[in-house]
Amino acid sequence: MSDPLLSVSNLQITVPGADGPRAIVENVSFELQRGEVLGLIGESGAGKSTIGLAALGFGRGAVRLSGGEVLLDGEDLRQMSEAQLRALRGRKVAYVAQSAAAAFNPARTIGEQVIEVQLRHGLASREAALDQARTLFAELALPDPEHFGDRYPHQASGGQLQRAMIAMAMAGRPDLVVFDEPTTALDVTTQVEVLAAMRRVIDQHGTAALYISHDLAVVAQMADRILVLRHGRMVELDTTEAILHHPREAYTQELVAARADRMKELAHAATTPLLDIRAVSAAYGGGAHKVLFDIDVSVHPGETVAIVGESGSGKSTLARVITGLLPPAEGRIEFQGKPLSPALAQRSDDDLRRIQLIHQLPDVALNPRHRVGDVISRPLSMFRGLRGRELETEIARLLALVDLDPALARRYPVQLSGGQKQRVCIARALAAEPDLMICDEVTSALDPLVAEGVQDLLLDLQRRMRLAMLFITHDLGVVRRMADRVVVMQHGRIVEQGTTSEIFTPPCAAYTQRLLDSVPEMRIGWLAERLDVLQTQPV
Amino acid sequence: MIFKLALRRLALGVITIFVVSVLIFSVTELLPGDVATAILGQGATPEAVAEIHRELDLDHPAYVRYGRWLEGFLKGDFGNSLTTNEPVSVQLVPRLMDTLALAGLAALVAVPLAIALGLLAAIFEDRALDKIISTFSLATISVPEFFMGYLLIIILATNLQLFPSLALVEPGMGIFERVYAMALPALTLTFVVMAHMMRMTRAAVIDVLQRPYIEMARLKGIKPWRIVIQHALPNALGPIVTVVALNLAYLVVGVVVVEVVFVYPGMGQYLVDAVSKRDMPVVQACVLIFALVYVLLNLLADIVGILANPRLRHPR
């Protein structure tokens, strides 16, 4: 084989700690040939992004590349000056970030930002650069490629921006592109389009890539080889084929298993629904912006109903309507056979207690200045009037119930991991002894293994306490595991609803089918098959 | 969209001016003392006081006089000065021009200097240059302006004898002579307003420099100064413009003390004289003009802020 494009050996990366530098990446070595795609996979904190940025000779904040070699085309990035690195970045190696919405400057047009690399590195004249940008926009299937560059970032959708960022990375014709979770922030259906665009552009230009993701099924579509990382160390490096089918290390086997399908057994349908939503419509901005149309959903005691759909389908708005945060414009909501006041302010304390909401982002949902114990004690004293010793005991019991050490009650949220924080949120919801829990994308911000743990906890709690759950998600794998019944939503309307097995067994509504088909499967070649299907029957 | 927002701001500005005019009028009504007694002295006979009241139109109820005053103001007629009996507008306009010239000169130096220093401090955040700039500007803002004025007089006028200590400008002076005469008060004002603008520029730019798109620009290999000018500054413009406008307004209004220190014949001197002589039409006119300048500059800042936001400039 010829000389590798990128050769990393014994890479060590540190951050300053209380007692000297602390290693966050240790002893990582790999090679990347021209035109090859290497997947980096692992949980958050595994050092994936840090290694990806090291390929640009970059360390975020106080992060330092403290040992080993990063050879790009035979030259060590660690020995280069800032000016030498600057000459390299964008031209020889480019970066695609996770959130395009954040990575584009809101004050300048997309086109300006795409051609900036060529202009600043003196690769092309302004006219030539604009011309190339238009070609790239067309290759990436962006709408109206002639004028797409004139738009400002807020005038493009999330999926379009993500593709525009790929155009921005490809503009300097780099030999290597680092893709850092480029589809994590997208819906499944949008993800397929972006994956396809990426695959096409990489193939056409023969670009090598580091593809970073925590989703093994996605990486399997993109990568020739996969490097599994954990706690900043290498677990396993092998071909995609071998990682998927013959994982050697226990951790890799666990990762592969977490994605495997499991279907929940059906709970018994009770007679009277706990929550009954009839012909509900809702709008924002005083009726100006209609988002929900004629929704009929019911949830029985002890049952889990999943609400699925892309972003913008009205899933979270439905949760806001049920909790009373957004009074519906039309229709009625009954709870245990009695009408529920539309507005939050008119509901009794008992109504409030019975319906609890768990948010997508535990970071935002927990007050950073309250200790975990204080967070959980609020509903206990407010709804159940617990005081003193009784309160302490109940906090400890609830923490144990969500598999947390009761000693954590004295900690602040910043001292907990993402999974632990979400468990605290669940404990807070349980503290109110609710009849219905609304879970709004509760596991989508968590790493797969941690998410699986939280899902298991919810399933277990539900079985033991006969809780009813409304589970809002865009992840159909989660739906299969968690839900008794499924409601599919699109553009604020219900497309289809039924038991989980009904929904997942063909034939189903076209939109449901598209959602199902868009979930990446953990086998090589899935993306190519999916694209063939999309080309023969455009959506 | 933008037009509607600007129009709404304009309407708010007009309402503010109206409220301020009512306030000014009622406060000057409530001030203790009486013009008639001020003119005639303590031993005035009630007949003489009544005579003066009639002459000065003070025997009508307050709201009638307010109505007339506002009407006159809209026509550019501020009434006559009680002490000199000349129309206020004749006395006021040249002084207003002088004050605006002084404030303008200070702004011309202070605004670019403050923004440049703020940018430098942001680029060299927490390093020596940033510390020096920040300490210096904080020191200047913590000194009262009259003290700063005297300090500059002692150093630059008395000891080094570079500039005149009194800013005496006269009609017919050449532009360079004028600037030379105004140098010290302008410098004093520059020191007073610079810190605030520089701190805000630094804070706003540092805030923007933390954003992911700045990291993206660095990963594209863009030079640091270009990142600051092209990527950070446009996004920091909103807060910077607001503070600049506030300080410009402060320049015009806060000039009072500095003018008195340097015996500069502007609005400040005029207002102080009028207050001590209870010359209410002059006080009312001066204060209302200050309010007008304040509201106008803030209106301008709001509109620039709206224009700086691409979401408002280019709706979906």
Side-chain angles (χ1 to χ4, degrees), chain A residues 49 52-53 55-61 82-110 112-123 150-157 161 165 168-169 171-172 174 177-178 180 185, chain B residues 1-2 4-5 8 115 119 122-127 129-130 201 204-242 301 303-316:
Chain A
S49 297
L53 287 169
L56 290 103
F58 187 82
R60 246 179 212 146
E82 197 56 33
Q84 284 171 309
L85 285 172
R86 208 156 44 225
L88 218 77
R89 290 176 188 155
R91 191 172 57 81
K92 221 166 159 55
V93 47
Y95 182 74
V96 175
Q98 172 170 355
S99 165
F104 272 104
N105 187 337
R108 306 181 66 205
T109 62
I110 294 172
E112 279 300 327
Q113 300 183 58
V114 168
I115 63 169
E116 199 178 10
V117 167
Q118 285 150 290
L119 294 191
R120 295 305 152 229
H121 290 292
L123 298 177
D150 299 338
R151 296 192 196 182
Y152 280 85
H154 70 272
Q155 293 169 315
S157 73
L161 274 185
M165 185 156 55
M168 186 158 81
V177 180
V178 177
D180 194 354
Chain B
M1 180 74 162
I2 291 183
K4 227 173 85 183
L5 276 171
R8 190 183 300 165
I115 291 180
L119 286 177
I123 295 174
F124 293 96
E125 190 195 352
D126 283 339
R127 281 188 266 171
L129 188 60
D130 175 27
T201 306
V205 170
I206 284 178
D207 180 51
V208 173
L209 285 177
Q210 320 283 345
R211 306 282 168 85
Y213 53 78
I214 298 296
E215 182 183 287
M216 194 71 218
R218 293 180 63 189
L219 292 175
K220 279 155 72 178
I222 311 296
K223 292 197 177 76
W225 63 268
R226 203 180 266 284
I227 291 181
V228 169
I229 304 286
Q230 290 195 336
H231 287 274
L233 196 55
N235 290 290
L237 221 49
I240 294 177
V241 169
T242 309
I303 290 175
V304 173
I306 292 169
L307 287 178
N309 184 342
R311 281 169 197 277
L312 295 173
R313 227 174 338 129
H314 307 272
R316 269 170 184 278

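So you know, we letter chains A, B, ... as the sequences are listed, proteins then strands, and number each from 1.
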Item to complete: Measure from the side-chain N and O atoms of His121(A) to the backbone N and O of Lys220(B), and report whether any donor-acceptor pair falls under 3.5 Å.
Response: yes
Fill in: Partner chain B: residue of Pro106(A), Ala94(A), Ala107(A) with the largest heavy-atom pair count (under 4.5 Å)
Pro106(A)
Fill in: Which of Met168(A), Arg91(A), Gln113(A) touches chain B most, by non-hydrogen pairs under 4.5 Å
Met168(A)
Response to the item:
Turns out that what part of Leu85(A) lies under 4.5 Å from chain B's heavy atoms comes down to neither
Worksheet item: At a heavy-atom separation under 4.5 Å, does Phe104(A) approach chain B through its side chain, its backbone, both, or neither?
Response: backbone
Item to complete: Determine the minimum heavy-atom distance between Asn235(B) and Asn105(A), stating which atoms define it.
Response: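 Closest pair (atom of Asn235(B), atom of Asn105(A), distance): ND2-OD1, 2.5 Å.
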Worksheet item: For Met216(B) and Ala97(A), which heavy atoms make the closest approach, and how far apart are they?
Response: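 For Met216(B) versus Ala97(A), the nearest heavy atoms are SD-CB, 4.5 Å.
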Worksheet item: Is it the backbone or the side chain of Arg218(B) that comes under 4.5 Å from a heavy atom of chain A, or both, or neither?
Response: both
Discussion item. Return the CZ to CD distance between Arg226(B) and Glu116(A), rounded to the nearest 0.5 Å.
Written reply: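 Arg226(B) CZ to Glu116(A) CD: 8.0 Å, rounded to 0.5 Å.
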Discussion item. How long is the straight-line distance from CD1 of Ile227(B) back to CZ of Arg120(A), given to the nearest 0.5 Å?
Written reply: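 So the gap between those two atoms works out to 11.5 Å.
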Worksheet item: Would you say the side chain of Gln230(B) lies within less than 4.5 Å of the side chain of Glu112(A), judging by non-hydrogen atoms?
Response: no
Worksheet item: By number, which residues in residues 206-215 of chain B have some heavy atom less than 4.5 Å away from chain A?
Response: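 Near chain A, by residue number: Pro212(B), Tyr213(B), Glu215(B).
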